[in-house]
Amino acid sequence: MVKVGAVVALGFGLLAGIITMRAFLFPDFQHKVVPCSPEEGNEFITLTDDILSRFQQAIRIQSISYSVHDTNTTALQMMLDHIRGSYPKIHSSPHVTRELFNFSSLYIVQGSDASVKPVLLTGHIDVVPAELEKWSFSPFSGAVDGGLIFGRGTLDNKNTVFGLLEALEFMLAKGIQPKRTIYIAIGHDEEVMGLYGAVVITEELKRRGVRFAFMMDEGCPVLKEGSFPGYHGPVGLVGTAEKGFATLRLKLEHPGGHASAPPRTGGGIVQLSEAIVKLNNNPISTSFGGGIEVAMFEHAAVSSTWWMRILSSNLWLFSPLISAIMSIKDSTRAQISTTMAFTQISGGVKDNVLPNSASVTINTRLLPGHTIETVTNHIRKVINDPSFEIEVLYENNPSPISSTSSEGYNVIHHTIKQIFPDAIVIPGILIGGTDSKWYGELCDDVYRFAPSYLGTEDIKMFHGHDEVITVKNYEQTINFFYHLLRNLEKSFEVTIKDEL
């Protein structure tokens with residue numbers, strides 16, 4: 001018995017030694033970067049009253065997308081006119097061409113070296129509707145109060161579009177022609193699937209045979225301090241993949257009848273409700289260990305608290321524990337699971353008649369590696385009732401996972417560190433949808449990042465009330481894009497020294 005105990009103790013000791021050694025020797029994925037600051041002089045863009053005024057005017061233009069076939073075309077034309085009138089260097093430069101695709105714009109900034117593969121930067125000028133009475137200021141006022149800029153589009157996505165345009169105007173005013181050709185696609189209907197913007201531009205670029213080294217679209221933000229487990233500082237989260245999107249209808253046909261003599265089963269609405277409860281109580285299992293989340297924690301490991309460093313550098317052992325931690329919050333659980341949300345329910349036509357049918361609409365977001373069949377098979381297994389019909393209304397598969405060792409990822413990583421020097425940079429998954437789902441087939445790698453500085457609670461401002469960006473963060477956004485444009489000139493093939 002003593003010998004068994006000694007062997008067990010020795011085994012635990014060896015395991016503890018391996019865990020500790022890995023934590024000590026784990027590679028550091030973070031770039032060492034000189035921060036951007038006003039002391040850079042002509043390499044830093046100070047937010048002036050004119051720059052702020054141009055952004056405010058963009059917010060005041062109500063470029064709302066209501067549905068695929070219902071966009072505010074008058075406002076969209078006003079936005080195009082505003083952009084053209086605000087950036088004379090861009091629109092007069094011999095190096096820049098602009099093409100219109102409906103109300104979407106494609107700018108091509110011609111590089112000096114045609115042998116270098118071009119890149120694509122994208123954003124959109126349309127916004128979702130806003131409920132006026134629920135805002136502190138009018139959502140289309142562009143009001144500035146206490147260092148905050150209020151308005152629909154301040155985060156999604158006029159900040160990115162106008163930040164990029166300000167950066168390009170500044171660069172061209174300095175007489176700089178980039179070495180690499182840069183394509184800038186500005187969509188007008190991203191909020192309603194991009195069918196007349198991004199899709200049309202993609203088809204044209206395919207026809208021309210254009211292929212990009214990488215692209216960057218809107219996406220994950222810089223998370224404020226304390227938003228990421230085990231690290232107390234800000235985190236620049238670069239989306240290296242995007243979840244898929246599907247809409248299903250779960251429907252039940254039922255004999256119906258008069259409400260005065262309801263069946264013991266309760267009828268179609270009760271049966272549908274029971275099915276919804278079953279699905280809600282039996283979600284699709286989390287999938288930690290086979291996707292982006294591994295790189296996400298490993299890239300944060302060396303910068304984390306000691307205990308999180310131990311866990312993150314030994315995911316071969318501690319994945320179940322990290323998965324449990326990630327599953328606590330809705331926002332983090334969504335990063336490691338295919339989700340189902342019940343968004344619309346229908347049934348019944350009169351208060352004293354049992355309905356002949358009842359249905360619920362399910363919005364599902366698919367992890368890379370999952371398909372719509374993953375979801376439909378799960379629904380059938382959990383409900384276990386052949387009387388239910390599943391109809392797929394729309395589906396879009398998850399994106400491939402882009403590299404974290406590529407030139408594109410390292411350019412973005414380096415630029416984030418210049419503007420947010422206290423942040424670590426890690427890969428992640430974007431749980432929303434962007435136009436990159438269309439452009440992706442033109443690119444070797446696709447990244448989704450916006451230099452917005454947000455806490456986990458701030459995410460609700462997207463499509464919500466009191467959408468706001470700080471004046472400082474808008475200045476950071478402009479400087480991020482300027483340094484990104486300049487960094488595209490450089491080589492960022494970074495080799496990580498792995499001592500394990």
Side-chain angles (χ1 to χ4, degrees), residues 33 35-38 40-59 79 82-93 95-98 105-111 118-125 149 153-155 157-186 214-219 221-222 236 408 411-420 447 449-453 469-490 492:
V33 175
C36 159
S37 71
E40 284 187 287
N42 63 0
E43 290 299 300
F44 182 87
I45 304 173
T46 300
L47 194 143
T48 63
D49 289 342
D50 286 343
I51 291 175
L52 180 58
S53 177
R54 287 192 285 269
F55 186 49
Q56 288 177 291
Q57 180 57 31
I59 300 304
M79 185 69 77
H82 174 53
I83 290 172
R84 188 174 182 87
S86 296
Y87 302 105
K89 297 295 183 184
I90 294 175
H91 294 91
S92 63
S93 171
H95 307 307
V96 181
T97 59
R98 182 188 75 151
S105 304
L106 178 65
Y107 291 87
I108 304 174
V109 186
Q110 193 63 47
V119 299
L120 173 65
L121 305 176
T122 65
H124 63 91
I125 56 174
I149 309 168
T154 51
L155 293 175
N157 179 245
K158 293 177 181 179
N159 58 325
T160 289
V161 170
F162 282 83
L164 175 53
L165 291 172
E166 293 287 352
L168 180 59
E169 180 80 1
F170 183 82
M171 186 179 81
L172 293 174
K174 295 178 67 175
I176 299 171
Q177 179 187 10
K179 179 180 180 181
R180 184 198 297 267
T181 296
I182 302 165
Y183 285 66
I184 299 173
I186 302 174
F214 71 93
M215 73 165 289
M216 191 185 82
D217 198 356
E218 61 173 325
V222 177
V411 167
I412 297 168
H413 179 146
H414 188 93
T415 309
I416 293 171
K417 297 282 279 189
Q418 285 180 293
I419 309 303
F420 302 92
Y447 301 102
F449 174 76
S452 303
Y453 189 62
I469 188 173
T470 66
V471 171
K472 178 182 177 181
N473 189 210
Y474 185 53
E475 182 179 75
Q476 290 171 320
T477 299
I478 297 168
N479 280 282
F480 171 83
F481 280 110
Y482 175 67
H483 283 76
L484 181 69
L485 293 173
R486 303 296 287 128
N487 287 336
L488 291 172
E489 309 284 304
K490 305 170 186 176
F492 283 95

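Just so it is clear, the structure is predicted and the values come from calculations on it, not from any experiment.
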Applying side chain to side chain donor-acceptor pair (under 3.5 Å), run through Ser452 and Asn473 and close with a yes or a no. CA-CA 7 Å; Ser452 303; Asn473 189 210; 4.6 Å; no

Can you list everything that forms a ring-ring contact (aromatic ring centres under 6.0 Å, His included) with Phe449? Sequence neighbours excluded, please. Phe480

Is there side-chain contact between Phe420 and Pro35, with heavy atoms separated by less than 4.5 Å? no

Applying side-chain hydrogen bond (donor to acceptor under 3.5 Å, both in side chains), name anything that partners Thr181, two or more places apart in sequence or on another chain. Gln110

Salt bridge (Lys or Arg N to Asp or Glu O under 4.0 Å) with Glu218: which residues, sequence neighbours excluded? none

Would you compute the distance between atom CD of Gln56 and atom CD1 of Ile149 and round it to the nearest 0.5 angstrom? 7.0 Å

At what distance, to the nearest 0.5 angstrom, does CD1 of Ile125 lie from CD1 of Ile83? 5.5 Å

No-hydrogen, no-angle side-chain donor-acceptor test under 3.5 Å, Asn479 and Gln418: no

For Ser86, check side-chain hydrogen bond (donor to acceptor under 3.5 Å, both in side chains) against everything at least two apart and list the hits. His82

Between Tyr107 and His91, is the gap from one ring center to the other below 6.0 Å? yes

What pair of heavy atoms forms the shortest contact from Ala58 to Lys158, and how long is it? O-NZ, 2.9 Å

Do Val119 and Tyr183 pass the side-chain contact (heavy atoms from CB on, under 4.5 Å) test, and can you show the C-alpha distance, the side-chain angles, and the key distance before you say yes or no? CA-CA 6 Å; Val119 299; Tyr183 285 66; over 6 Å; no

Measure the CG-CZ distance between Asn487 and Arg180 for me, rounded to the nearest 0.5 Å. 11.0 Å

Partner of Ile184 under side chain to side chain contact (heavy atoms under 4.5 Å, CB included), picked from Ile90, Thr122, Leu168, is Leu168

Just jot down the side-chain contact (heavy atoms from CB on, under 4.5 Å) partners of Arg486, sequence neighbours excluded, or say none. Glu43, Met171, Ile176, Tyr482, Glu489

With sequence neighbours left out, what residues match Gln57 under side-chain hydrogen bond (donor to acceptor under 3.5 Å, both in side chains)? none

Separation between CZ of Phe170 and CD1 of Ile51, rounded to the nearest 0.5 Å: 8.5 Å

Under 3.5 Å, is there a donor-acceptor pair between the side chain of Lys179 and the main chain of Gly111? no

Going by atom types only, do Asn159 and Thr154 share a side-chain donor-acceptor pair under 3.5 Å? no

All side-chain contact (heavy atoms from CB on, under 4.5 Å) counterparts of Thr160, not counting sequence neighbours: Asn157, Ala450, Phe481

CD1 of Ile469 to CD of Gln476: how many Å apart, nearest 0.5 Å? 8.5 Å

Would His124 and Ile186 count as a side-chain contact (heavy atoms from CB on, under 4.5 Å) here? Give the steps. CA-CA 5 Å; His124 63 91; Ile186 302 174; 5.8 Å; no

Are any of the side-chain heavy atoms of Met216 and Leu484 separated by less than 4.5 Å? yes

Residues forming a side-chain contact (heavy atoms from CB on, under 4.5 Å) with Thr46, sequence neighbours excluded: Phe44, Glu475

Tell me, please, which residues at least two apart from His95 pass ring-ring contact (aromatic ring centres under 6.0 Å, His included). none

With sequence neighbours left out, write down each residue that passes ring-ring contact (aromatic ring centres under 6.0 Å, His included) with Phe214, or none if nothing qualifies. none

So, taking the atom named NE2 in His483 and the one named CD1 in Ile45, what distance separates them when rounded to the nearest 0.5 Å? 8.5 Å

For the residue pair Pro178 and Val109, what are the closest heavy atoms and their distance? CG-CG1, 3.7 Å

Does the side-chain contact (heavy atoms from CB on, under 4.5 Å) test come out yes or no for His413 and Val33, once each step is laid out? CA-CA 10 Å; His413 179 146; Val33 175; 5.9 Å; no

Partners of Tyr87 by ring-ring contact (aromatic ring centres under 6.0 Å, His included), sequence neighbours excluded? none

By side-chain contact (heavy atoms from CB on, under 4.5 Å), Thr97 pairs with (sequence neighbours left out) Ile108

